[in-house]
Amino acid sequence: MQVVFAAIIGMLYAGAVYMMLRRSIVKLIIGLALFGHATNLLIFAVARLVRYNPAIVQKGDSAPIEPFADPVPQALILTAIVIGFGVQAFSIVLIKRVYQTVGTDDLDQIRGTDS
Amino acid sequence: MTSIVSLPIVIPLATAAGMLLVRRNILLQRVIGVVGSAALLAAAIKLLYVCYTEGIQVLQLGTWPAPFGISLVCDVFSGIMLVLAGIMSLTTSLYAVADIERRRTAFGFYSLLHILMMGICGAFLTGDLFNLYVWFEVMLIASFVLIALGGEKPQMEGAIKYVALNLIASMILVAAVGLVYGLTGSLNMADVAVHLRDVRQEGVVLGIAILFMAAFGIKAAVFPVFFWLPASYHTPPAAISAVFAGLLTKVGVYALIRTFTLIFTENPQLTHAALVVIAAATMLSGVLGAAVQMDFRRVLSFHIISQIGYMVLGLALFTPLAIAGAVFYILHHIIVKANLFFVSGVVHRLRGTYDLKKLGGLYATHVWLGVLFMIPAMSLAGIPPLSGFWAKLAIIRSGLEIEAYWVVGVALFVGLLTLYSMTKIWAEAFWKEPASPGPIGYASTSGLGWMVVPIVLLAAITVAIGLGAEPAFEVATKAGQELVNPQIYIDAVLGGRQ
């Protein structure tokens, strides 16, 4: 399972870099989204891929039933997904405005401010 | 008493929220913006004073004890950064009264500025790695809107690069934070520092350290990942580029210094030696890039990069004097660099262009502006007795003490080229005969006073730091001492429970 997971994360990162290196700004945003997914899966994997109990304290108990899964990385991913969602929504609006203002979606031609 | 630690986050939040209630009233927005900034500055000064006299202040949010909850920690270094954020917030709010037109103000410039300040102050205060990422995102999303606000063509072109590169850096950061959690089971910086000492997988720790270096390096615009900065920082109005140039890249430097003095200190032969090379390359590439530019703000943008090199060099040399020098350098640089961008905005107001070839003759018509440009420009180049001289002196002296001669040579050479760039701006914009007598583009002198007051204020601070370098350096030395002895920070956060 871990090997499969590692391979998927690696492929997602590779795909993200490939998309970001394309010239179209739409593909740049798709690349950024894939990069985010790869990162989220990476954080999920550091919590160990195990089938333990949920970390919920049952009524009357003082601790969750051992062995239980670590809830912190899941909280981290949830936060990262929400932030990533907001930022991606902004980026999509931004590329639309860039396309309207500059008149091209080719990153190689959006270089009026480069030096 | 420790609840004062949360004020630099609460005040900008309250200011921004308050302004959303009066969205249609531009006058009221400006008043609230300036008052909120003044309150932030006052709280930051008070906090720095408390930190300096009583030691590190820690606030455990929700009273969860240290490694379990989120801690807000303020040491002298954080305190200095908060005061600088307060100064920048106040001067930018004043400057923006004239520089940011009604359209951008009505869209919410002031709320965005204060949300940006909240993110910056949060990043300076937090003692939790994941929380640091969250504050970075708060800061970034506000800065994304600020850089695109107005929607002019160069702004959109700059924004796409700024947004893409900063998003990549954030995702590298959050991946690195996740890996740290996997390795240590903690996110609290002090707790992570304790646990990493026991981790015997040196290669993994080094790999994570490199990820942090890459993430903060992109945000701080060090060699070789700085290209987004000169492509975007000169596009928005002067008030926005001043607060970006002064404060924003320095948050990356702050995070670099924080993580590489507190957490990743086990392997300095590799990490800090790499930083020395990065610092030297950053200094050189920035200053050489500036030498060929002929746009007022683009010259200044490239100089941000070369100055970042000096700060990273202070961290890389990793002696008490060098770290204190890096802190002093940040202190000096934020004031000076923001001021130069403010001056460029006034020049644009008077002549309607940033193009150095088309400018000229400003010294003949506006002597005061020439003087106000000269103070920060000479300070940036490191001419005594201004603040930049002492900052460079501390870094170069610490380099000589550990016999890193080649990098000292680079630093001195870069100082010389900085002087060249500043005299180039002086000669082109102020001294030479103008190509045409009147303004080139749209020019107006209405409300110019609002733009001049912050410039005078920052120039006075530059002179004061230069002439009264000793007290300023004492504060920086205290910050440096705390940074080179991470145990002080760890004890303050974790208390007796290690």
Side-chain angles (χ1 to χ4, degrees), chain A residues 9 12-13 16-17 20 25 27-29 31-48 70 72-77 79-105 107 109-115, chain B residues 68 129-131 133-134 136-138 140-141 144-145 147-148 151-168 170-187 227-235 289-290 292-295 298-299 301-302:
Chain A
I9 294 169
L12 276 174
Y13 271 124
V17 172
M20 283 192 280
I25 37 178
K27 288 178 179 142
L28 172 72
I29 301 298
L32 287 171
L34 288 178
F35 207 97
H37 296 330
T39 306
N40 291 339
L41 286 181
L42 177 72
I43 301 173
F44 187 66
V46 300
R48 316 289 183 268
D70 188 349
V72 176
Q74 295 167 19
L76 301 189
I77 299 167
T79 317
I81 289 173
V82 172
I83 292 175
F85 178 75
V87 172
Q88 275 162 27
F90 173 82
S91 328
I92 290 165
V93 178
L94 180 73
I95 59 167
K96 181 156 181 276
R97 278 301 299 271
V98 169
Y99 179 71
Q100 284 174 342
T101 324
V102 186
T104 175
D105 70 338
L107 281 168
Q109 288 176 22
I110 307 180
R111 56 194 324 167
T113 62
D114 283 5
S115 28
Chain B
F68 304 112
L129 278 174
F130 193 77
N131 200 227
Y133 158 74
V134 174
F136 262 118
E137 291 300 307
V138 171
L140 280 182
I141 196 78
F144 290 166
V145 186
I147 204 164
E152 289 162 22
K153 189 169 172 243
Q155 279 188 293
M156 300 323 282
E157 297 194 3
I160 189 87
K161 288 153 201 167
Y162 178 81
V163 169
L165 264 296
N166 275 291
L167 283 183
I168 294 171
S170 293
M171 284 186 269
I172 296 175
L173 173 62
V174 75
V177 171
L179 290 173
V180 165
Y181 181 80
L183 208 55
T184 63
S186 182
L187 289 167
F227 289 98
W228 58 270
L229 192 151
S232 61
Y233 268 24
H234 63 282
T235 55
V292 298
Q293 296 298 325
M294 280 309 270
D295 177 288
R298 215 178 275 186
V299 173
S301 298
F302 271 100

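Just so you know, these numbers come straight off a predicted model, no measurement behind them. Just so you know, these numbers use all the heavy atoms, side chains as well, and skip hydrogens, waters and symmetry mates. Quick note on labels: first sequence line is chain A, next is B, and so on, each numbered from 1.
For chain A, the nearby part of B:V163 is the side chain; its heavy atoms alone come within less than 4.5 Å. Both the backbone and the side chain of B:F144 come within contact range of chain A, each with at least one heavy atom under 4.5 Å from a heavy atom of that chain. Using a 4.5 Å cut-off between heavy atoms, B:F227 does not touch chain A at all. When heavy atoms are compared at a cutoff of 4.5 Å, B:I160 approaches chain A by way of both its backbone and its side chain. Using a 4.5 Å cut-off between heavy atoms, A:L32 touches chain B through backbone and side chain atoms alike. The contact between B:L187 and chain A is made entirely by side chain atoms (from C-beta outward), counting heavy-atom distances below 4.5 Å. With a 4.5 Å cut-off on non-hydrogen atoms, B:V145 touches chain A through its backbone and its side chain both. Only the side chain of B:A148 comes within less than 4.5 Å of a heavy atom in chain A; its backbone stays farther off. Residue contact with chain B, scored on non-hydrogen atoms closer than 4.5 Å, involves the side chain of A:I83 exclusively.
Heavy-atom pairs under 4.5 Å with chain B were tallied for A:V72, A:I95, A:I25; the largest tally goes to A:V72. Of the listed residues (B:I172, B:I168, B:V134), the one with the most heavy-atom contacts under 4.5 Å to chain A is B:I168.
The 12-atom threshold is exceeded at CZ of A:F90, counting heavy atoms of other residues, nucleotides or ligands nearer than 6.0 Å.
Every residue was checked against the salt bridge (Lys or Arg N to Asp or Glu O under 4.0 Å) condition with A:K96, not counting sequence neighbours, and none meets it.
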For residues 35-45 of chain A, which side-chain N or O atoms pair as donor and acceptor with protein atoms under 3.5 Å away, sequence neighbours left out?
{"residue": "A:T39", "atom": "OG1", "partner": "A:Y13", "partner atom": "OH", "Å": "3.1"}
{"residue": "A:T39", "atom": "OG1", "partner": "A:F35", "partner atom": "O", "Å": "2.8"}
{"residue": "A:N40", "atom": "ND2", "partner": "A:G36", "partner atom": "O", "Å": "3.4"}

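With values rounded to the nearest 0.5 angstrom, A:D70 atom CG is found 3.0 Å from B:Y181 atom OH. Separation of atoms CG (A:L28) and NZ (B:K161) is listed at 11.5 Å; rounding is to 0.5 Å. Distance check, rounded to the nearest 0.5 Å: CG of B:L167 to CD1 of A:I29 gives 7.5 Å.
Between A:L94 and B:M156 there is a side-chain heavy-atom pair separated by less than 4.5 Å.
Between the side chain of A:R111 and the backbone N or O of B:E157 there is no donor-acceptor pair closer than 3.5 Å.
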